[in-house]
Structure formats: C-alpha cells, structure tokens
Amino acid sequence: MNLSEARHALQAARRVAVLTGAGISAESGIPTFRDAQTGHWARFRPEDLASPDAYRRDPDLVWEWYAGRYRDVLAAQPNRGHELLAELERQKGTGFFLATQNVDGLHARAGSGQGGGQLVELHGNLSHARDEVTGEVFALPDPAGLTLPPLSPAGRRMRPHIVWFGEYLPEDALEAAQNAFAGADVALVIGTSSVVYPAAGLALETLRRGGIVIEINPDSTDLTRMATFSLRETASRGLELLLGEEG
Ligand code: OAD
C-alpha cells in the first residue's frame with residue numbers, strides 16, 4: 001500500500017479506530033517514555049515511580065513526580081496532530097473512536113470526544129486522583145492550589161488516577177477499545193512504541209478482521225512489520241499527509 005491508497009482507504013472508511021501514544025504529545029513539548037534523549041524512563045526507572053510498590057514505598061516522591069507532570073501538561077498546548085484527529089472525528093462522527101495511552105488530557109482539550117465520536121483514556125489522566133479506600137475519582141484542583149498528598153472530600157489520601165505497571169486497565173474503556181478496533185475499517189496507530197499491552201494489541205484485532213492498519217511514527221516499531229502501511233513521519237506531518245491537509 002502507498003500513501004495515496006492509504007489516504008483513500010481512510011477517506012472511504014466508515015469506522016475509524018485510533019490509538020495514540022506519547023509521540024503525539026512530543027510536539028507539545030511533553031517528554032515520551034522510551035525516547036533515549038528525552039524519555040521519562042531514560043532518567044527514572046518505571047518501577048521506581050509508576051508502580052503500586054513505588055507508591056507504597058515513597059508516596060511523597062511519587063506524588064512529587066506526578067504533580068510536576070500535571071503542572072507541565074496544563075502548561076502545554078494541543079498541537080496540530082491533536083487538532084487533526086479532532087477534525088477527523090468531526091468528519092466520521094459516530095464511526096470514530098480514539099483510545100489514548102496518554103494521561104496529558106491534550107486530546108480532550110483539542111476537542112476529541114466532542115465531535116460525535118468517542119475518546120477513552122486507557123491509562124488514566126494526570127488531572128484526576130482516586131480515594132485510596134473507595135477508589136472514587138475526583139478532579140484535582142489547579143496546580144497552584146494543589147497540596148500534596150491530595151485528600152478526598154472524605155479527608156482520605158488520594159493516589160494519582162493513573163494505571164501503574166502491574167495494574168489492570170479500566171475494564172469498560174478496554175472493552176470499548178477492543179470492540180472499536182475489531183470493527184474498524186481502518187485503524188491508525190500514532191506515536192506509540194507498541195510495546196505495552198493490551199493497548200499494543202488493539203491494532204491486531206483490526207488486522208484479524210480484515211481491516212487496514214496505518215502507523216505514523218518517525219521510527220519503526222514492533223508493529224511496523226505487521227502494519228498495512230507505515231508512515232515514517234511525525235504525528236502532525238503524517239496526519240497532514242493522510243488527510244490531505246498539507247499546510
Ligand atoms: P514511548 O515513549 O514508549 O513511545 C513513544 C513513541 O513515539 C516512539 O515510538 C517514538 O518513535 C514516537 N515518537 C517520538 N516523537 C514523535 C512524534 N513527533 N510524532 C509521532 N511519534 C513520535 O511511549 P508510549 O508508546 O506512549 O504506560 O508508551 C506506552 C506506555 O508506556 C505509556 O502509556 C506508559 C508507559 O509506561 C503507563 O504509564 C501505564
């Protein structure tokens with residue numbers, strides 16, 4: 001498949017399922033995880049921060065890290081890639097589904113989920129926290145008004161509303177994503193190294209049902225050899241080429 005055929009397949013698709021990873025937010029200045037030079041995991045070991053054990057060992061350190069990321073993402077802006085996905089959703093309406101692994105909230109701020117399609121955040125969101133006892137989820141105050149650790153209205157300590165290593169994804173979000181990818185005519189996989197399951201397995205559902213998988217990533221990934229078409233581009237440039245929006 002070439003770019004022109006990929007563009008036409010996307011144009012003709014009634015049902016489009018999209019999976020995004022940290023790469024789509026790189027152009028908003030937010031570090032990815034595994035990029036050697038800027039990735040979070042280049043400086044920290046995941047198990048030292050993003051795991052239940054890390055939180056049990058040192059909740060203050062974990063909250064320091066997440067509060068810092070929360071401040072950073074609120075200061076960041078959605079970029080052209082986020083905007084083009086919100087535009088694609090407006091074109092496809094109810095046939096559009098976006099699953100993101102990102103916790104930065106930038107898709108929602110770009111309008112995704114409000115154009116007739118669906119947006120699910122598979123790994124949670126930095127702007128929310130969970131009562132440690134009841135699991136109830138509450139929006140955090142703005143960073144300026146955030147005291148650590150945040151307490152729920154019942155006065156109990158809350159933990160970040162993030163899926164940590166070794167934890168399960170929200171059941172309903174994952175099920176909705178699996179159904180959307182199984183039924184998709186075209187799946188777009190953008191800005192993810194495709195190494196963290198079950199998110200990384202979603203595009204295989206599309207392939208199994210005879211759908212087309214288009215990847216956008218400056219580097220090749222574990223998905224590349226299985227993708228119907230893989231565009232070696234950044235998220236915004238690749239989406240411009242696919243949507244015929246060359247600026
Ligand atoms: P990674 O850091 O693993 O991968 C980022 C991907 O984005 C890489 O494949 C880069 O090549 C690509 N990339 C970099 N710049 C890009 C750009 N401008 N446009 C498009 N792509 C670009 O991040 P994820 O795949 O999102 O999970 O990581 C998946 C999960 O692992 C995260 O959600 C997080 C992490 O542990 C949890 O926290 C549960």
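Numbering of ligands and ligand atoms starts at 1, following listing order. Bear in mind that the values here come from a model prediction, so they are computed numbers and not experimental data.
Ranked by closest heavy atom to atom 11 (O) of ligand 1, the top entry among Asn217, Thr224, Thr234 is Asn217. Distances from atom 5 (C) of ligand 1 to the heavy atoms of Ala199, Gly191, Gly81 put Gly191 nearest. The option from Ala22, Ser193, Pro31, Ser194 that lies nearest to atom 4 (O) of ligand 1, judged by heavy atoms, is Ser193.
For ligand 1, none of its N or O atoms has an N or O atom of Ala26 under 3.5 Å away. Note: no N/O pair closer than 3.5 Å links Asn102 and ligand 1 by distance alone. Ligand 1 has an N or O atom lying under 3.5 Å from an N or O atom of Phe33, backbone or side chain.
Using the six-membered ring where Trp is involved, His107 and His82 have ring planes that are perpendicular, over 60° apart on the 30 and 60° scheme.
Between Ala22 and Phe33, the closest heavy-atom pair is CB-CD1, 3.9 Å.
One side chain, Ser236 or Glu27, offers a donor N or O that lies under 3.5 Å from an acceptor on the other.
At a heavy-atom distance under 4.0 Å, only backbone atoms of Val163 (N, CA, C or O) approach ligand 1. When heavy-atom distances to ligand 1 are checked against a 4.0 Å cut-off, Arg34 comes that close through both its backbone and its side chain. Using a 4.0 Å cut-off between heavy atoms, Phe165 contacts ligand 1 through its side chain alone, with no backbone atom that close.
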Output side-chain donor-acceptor pairs under 3.5 Å for residues 147-159, partner residues at least two apart or in another chain, one line each.
| residue | atom | partner | partner atom | Å |
| --- | --- | --- | --- | --- |
| Ser152 | OG | Asp131 | OD2 | 2.8 |
| Ser152 | OG | Ala154 | N | 3.3 |
| Ser152 | OG | Arg156 | N | 3.2 |
| Ser152 | OG | Arg156 | O | 3.4 |
| Arg156 | NE | Asp131 | OD1 | 3.1 |
| Arg156 | NE | Asp131 | OD2 | 3.0 |
| Arg156 | NH2 | Asp131 | OD2 | 3.2 |
| Arg157 | NE | Tyr55 | OH | 3.4 |
| Arg157 | NE | Glu132 | OE2 | 2.6 |
| Arg157 | NH2 | Glu132 | OE1 | 3.4 |
| Arg157 | NH2 | Glu132 | OE2 | 3.3 |
| Arg159 | NH1 | Glu167 | OE2 | 2.7 |
| Arg159 | NH2 | Ile162 | O | 2.7 |
| Arg159 | NH2 | Glu167 | OE1 | 3.0 |

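Judged as a ring-ring contact (aromatic ring centres under 6.0 Å, His included), not a single pair has a partner in residues 167-190 (not counting sequence neighbours).
In this structure, Ala50 does not count as a contact residue of ligand 1, since none of its heavy atoms falls inside 4.0 Å of the ligand.
Which parts of ligand 1 touch Asp219 is read off a 4.0 Å heavy-atom cut-off, strictly below it: atoms 11 (O).
Of the charged side-chain nitrogens involved, none lies within less than 4.0 Å of a carboxylate oxygen, so that Asp72 and Arg69 do not count as a salt-bridged pair.
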